[in-house]
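Right, one structure below, let's go through it.
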Amino acid sequence: MKRIALIAAMGLFGVAANTALADNHGHKAADETFAIAIHGGAGTITRESMTPERERAYKEKLTEAINAGHAVLAQGGTSMDAVIAAVQIMEASPLFNAGRGAVYNWDGEHELDASIMDGKTREAGAVASVKTVKSPIALARKVMEESVHVMLSGEGAEQFSREQGLEQVDNSYFNTEARYKALQRMKEQVGNPQDKQAWVTMDDNFKYGTVGAVARDKHGNLAAATSTGGMTGKRYGRVGDSPIIGAGTWADNDSCAVSATGHGEYFIRYHVAADICSRMKYQQVDVVTAGDTVIHDVLLPQGGTGGVIIVDKDGNVHMPFNTEGMYRAKRIGNSPVEVAIYND
């Protein structure tokens, strides 16, 4: 375990852009109540751009993912196991920009990022720019539990994954036709960026799609997990907020657990996930106030777009976003699943 190694080494329903639903304000969890929320990315998601078949596919997969995590919690399992279960369902689906459906980088490959955090211990694990690990979130957990580090990247992370016995795949495993077409559209839009691609302003459709989960188990412990393929057409080993503890992922039993999705550069600069929990912890504000303030009043005026899912220490769930839509779902205790996509 990581803690032992360290000693040795030392010798839902979502909320729309400008409104919050009453159940997010008033749903107070009882003692030992468990809760889980998930997201599958935020961005330009409208009814006009969605066919009925595609909408149904997203809702079915979100329901499958949240129910997988919920089953763990209902049986008395840990929040850590619950978020892993939910995220791995989405990593295995081509619908989301994580794992199987990851976007392409400029060179036509996939570079995957993920992170996880334990709210009880504040231990965390993260990986960046991995290409051959089937489940990046599983590797992030191994980094947390079986290494003395918080983040590993590139070939070193892949070597560690092989040593840990995690399933390896060829990079082509992550190929999907829809993501390849998105790369071609992106290249047509930006033209030939030469060495200035990092400066190019791209359409929002190329920036989003991360998946994540947050949970509170029956023991009152929180956990958060996030996994992504990053930004379409990224170059130079670009890493976004998803593997950055405090930016895309955060969990602390004294406040809340957060997983983020959006334009990662802004979420890094404004340490969005940790900021939300810090406001709850030190300003004693509720989950709705903290989440809405950061997403709408801090992030959006600076040009930062996206959203977060939050579960607080009492099991209250809030899912604010400032884009046209966010794939999202929540389930509190044994209440029915609530799944939503659009900003309404």
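Given the structure is predicted, the values throughout are model-derived calculations rather than measurements.
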(message) Taking Val337 as the starting point, is it possible to reach Ile341 by hopping between hydrophobic residues whose side chains are less than 4.5 Å apart?
(response) yes
(request) Output yes when a side-chain donor or acceptor of Asn343 lies under 3.5 Å from a complementary backbone atom of Glu324, and no otherwise. (result) no
(message) Taking Arg122 first and then Asp118, would you say they form a salt bridge - that is, a charged N and a carboxylate O separated by under 4.0 Å?
(response) no
(request) Working to the nearest 0.5 Å, report the span between CG of Asp292 and CZ of Arg279. (result) 11.5 Å
(request) With sequence neighbours excluded, tell me which residues meet side chain to side chain donor-acceptor pair (under 3.5 Å) with Lys313. (result) none
(request) With sequence neighbours left out, write down each residue that passes ring-ring contact (aromatic ring centres under 6.0 Å, His included) with Tyr266, or none if nothing qualifies. (result) His263
(message) Check the orientation of Tyr327 and Tyr58. Use parallel for under 30°, tilted for 30 to 60°, and perpendicular for over 60°.
(response) parallel
(message) Applying side chain to side chain contact (heavy atoms under 4.5 Å, CB included), can you list everything that pairs with Ala92, at least two apart in sequence or on another chain?
(response) none
For residues 240-249, please give each side-chain donor-acceptor pair under 3.5 Å, one per line with the distance, not counting sequence neighbours.
unit_1 : atom_1 : unit_2 : atom_2 : d
Thr249 : OG1    : Ser115 : OG     : 2.7
Thr249 : OG1    : Thr226 : OG1    : 2.7

(message) Return the CD to OG1 distance between Glu48 and Thr44, rounded to the nearest 0.5 Å.
(response) 12.0 Å
(message) Are there over 12 heavy-atom neighbours, none belonging to Lys281, within less than 6.0 Å of that residue's NZ?
(response) yes
(message) Closer than 3.5 angstrom, by distance alone: can the side chain of His70 be matched with the main-chain N or O of Gly333 as a donor-acceptor pair?
(response) yes
(request) Using a strict 4.0 Å threshold on nitrogen-to-oxygen distance, state whether Lys131 and Glu109 make a salt bridge. (result) yes
(message) Please check this pair: side chain of Asp286 against backbone of Thr289, looking for a donor-acceptor N/O pair closer than 3.5 Å.
(response) yes
(request) Return yes if some donor-acceptor pair links the side-chain N/O of Arg328 with the main-chain N/O of Tyr342 below 3.5 Å, else return no. (result) yes
(message) Can you confirm whether Ser227 sits close enough to Leu112 that some side-chain heavy atom of one is under 4.5 Å from a side-chain heavy atom of the other?
(response) no
(request) List in chain and number order the residues that pass salt bridge (Lys or Arg N to Asp or Glu O under 4.0 Å) with Arg47, two or more places apart in sequence or in another chain; answer none if no residue qualifies. (result) Asp344
(message) So that I can tick it off, tell me whether Glu55 and Lys59 are bridged by a salt bridge, with the cut-off set at under 4.0 angstrom between side-chain N and carboxylate O.
(response) yes
(message) I'd like to know if the side chain of Asp312 and the backbone of Val287 have a donor-acceptor N/O pair within less than 3.5 Å.
(response) no
(message) Can you tell me how far apart CD1 (Ile84) and CD1 (Ile89) are? Round to the nearest 0.5 Å.
(response) 12.0 Å
(message) Between Arg235 and Glu111, does any NZ, NE, NH1 or NH2 come within less than 4.0 Å of an OD or OE carboxylate oxygen?
(response) no
(message) Looking at Gly101, is its backbone amide N or carbonyl O close enough to the side chain of Arg179 to form a donor-acceptor pair, meaning the two atoms are under 3.5 Å apart?
(response) yes
(request) Quick one: list whatever passes side chain to side chain contact (heavy atoms under 4.5 Å, CB included) with Gln159, sequence neighbours left out. (result) Glu155, Arg162, Glu163
